[in-house]
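Structure first, then comments.
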Amino acid sequence: ISGFGIDINQEHFPDELRGIAVSVAQLTGRRWNRAELLRQMLGAIERSWDELLQEGPAPLLSATRELSVTLGRPVELRLRQQTLAGVAVDLAADGALCVRDAGGRLHIMHSGDVVHADSA
């Protein structure tokens with residue numbers, strides 16, 4: 001299960017989110033019809049799902065690695081009772097995030113909130 005939120009037409013963010021949050025409108029320079037954007041997103045998700053069923057996870061994982069803004073960066077993984085700091089180094093075959101801590105230990109993370117430590 002994966003979830004995400006998208007700021008579509010937001011122009012201003014609270015101080016604690018400045019520098020780490022951005023809206024689609026800010027990125028594209030125009031306001032968006034929410035229903036149209038949702039239609040486009042659902043179409044893209046459906047195409048990715050069909051590709052996953054037909055070709056398996058390798059092409060999707062490869063594209064995710066290529067487009068990732070997280071891999072190669074210092075991260076904090078915030079779990080229920082703890083925080084793990086390290087560098088996001090890869091995605092596992094099942095899509096889990098692979099994080100190497102300062103001691104060199106590799107952690108395979110299937111859940112948690114990921115924060116870019118160099119932006120926190």
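- Without hydrogens or angle criteria, Asp7 side chain to Gln10 main chain gives no donor-acceptor distance under 3.5 Å.
- The nearest pair of heavy atoms linking Cys98 to Ala92 is SG-N, 3.6 Å.
- Under the 4.5 Å side-chain criterion, counting only non-hydrogen atoms from C-beta, Val99 is in contact with Leu77.
- If you take CG on Leu27 and CD1 on Ile8, they are separated by 12.5 Å, rounding to the nearest 0.5 Å.
- Taking the centre and axis of the six-membered ring of Trp32, the NZ or CZ atom of Arg34 falls outside the cone set by 45° and 6.0 Å.
- In this structure, Leu84 and His107 have side chains that are in contact, with non-hydrogen atoms separated by less than 4.5 Å.
- Checked by atom type and distance alone, the side chain of Thr64 pairs as donor or acceptor with a backbone atom of Leu60 at under 3.5 Å.
- Here the straight-line distance linking atom CG of Leu79 with atom CE of Met109 works out to 4.5 Å at 0.5 Å rounding.
- Surrounding CD of Glu55 are more than 12 heavy atoms belonging to other residues, nucleotides or ligands, all under 6.0 Å away.
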Steps toward side chain to side chain contact (heavy atoms under 4.5 Å, CB included) verdict (Glu46, Met41): CA-CA 9 Å; Glu46 183 73 18; Met41 289 173 48; over 6 Å; no
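- Proximity of Leu97 to Leu91: side-chain heavy atoms (C-beta onward) are separated by under 4.5 Å at one or more points.
- Atom NE2 of His110 has more than 12 heavy atoms from other residues, nucleotides or ligands within 6.0 Å.
- No more than 12 heavy atoms of other residues, nucleotides or ligands shown are found within 6.0 angstrom of CZ on Arg105.
- Here Ile45 contributes atom CD1 and Asp50 contributes atom CG; the two are 12.0 Å apart, rounded to the nearest 0.5 Å.
- For the pair Arg47 (side chain) and Gly43 (backbone), a donor-acceptor distance under 3.5 Å is present.
- Considering every non-hydrogen atom in both Ala96 and Ile108, the closest pair reads CB-CG2, 3.6 Å.
- For the atom pair CG (Asn33) and CZ (Arg30), the distance works out to 9.5 Å, reported to the nearest 0.5 Å.
- Considering CG of Leu106 and CZ of Arg100, their distance stands at 4.5 Å, rounded to 0.5 Å.
- The backbone N or O of Val115 lies less than 3.5 Å from no partner atom in the side chain of Arg78, so there is not a single donor-acceptor pair.
- Arg65 and Asp90 get closest at one heavy-atom pair: NE-OD1, 2.7 Å.
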Take Val75 and Val87 through the side chain to side chain contact (heavy atoms under 4.5 Å, CB included) test and state the conclusion after the steps. CA-CA 6 Å; Val75 294; Val87 175; over 6 Å; no
Side chain to side chain contact (heavy atoms under 4.5 Å, CB included), that's the test. Do Val24 and Ile6 meet it? Break it down for me. CA-CA 8 Å; Val24 176; Ile6 299 175; 3.6 Å; yes
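- One finds the CG atom of Asn9 at 10.0 Å from the CD atom of Gln26 (value rounded to the nearest 0.5 Å).
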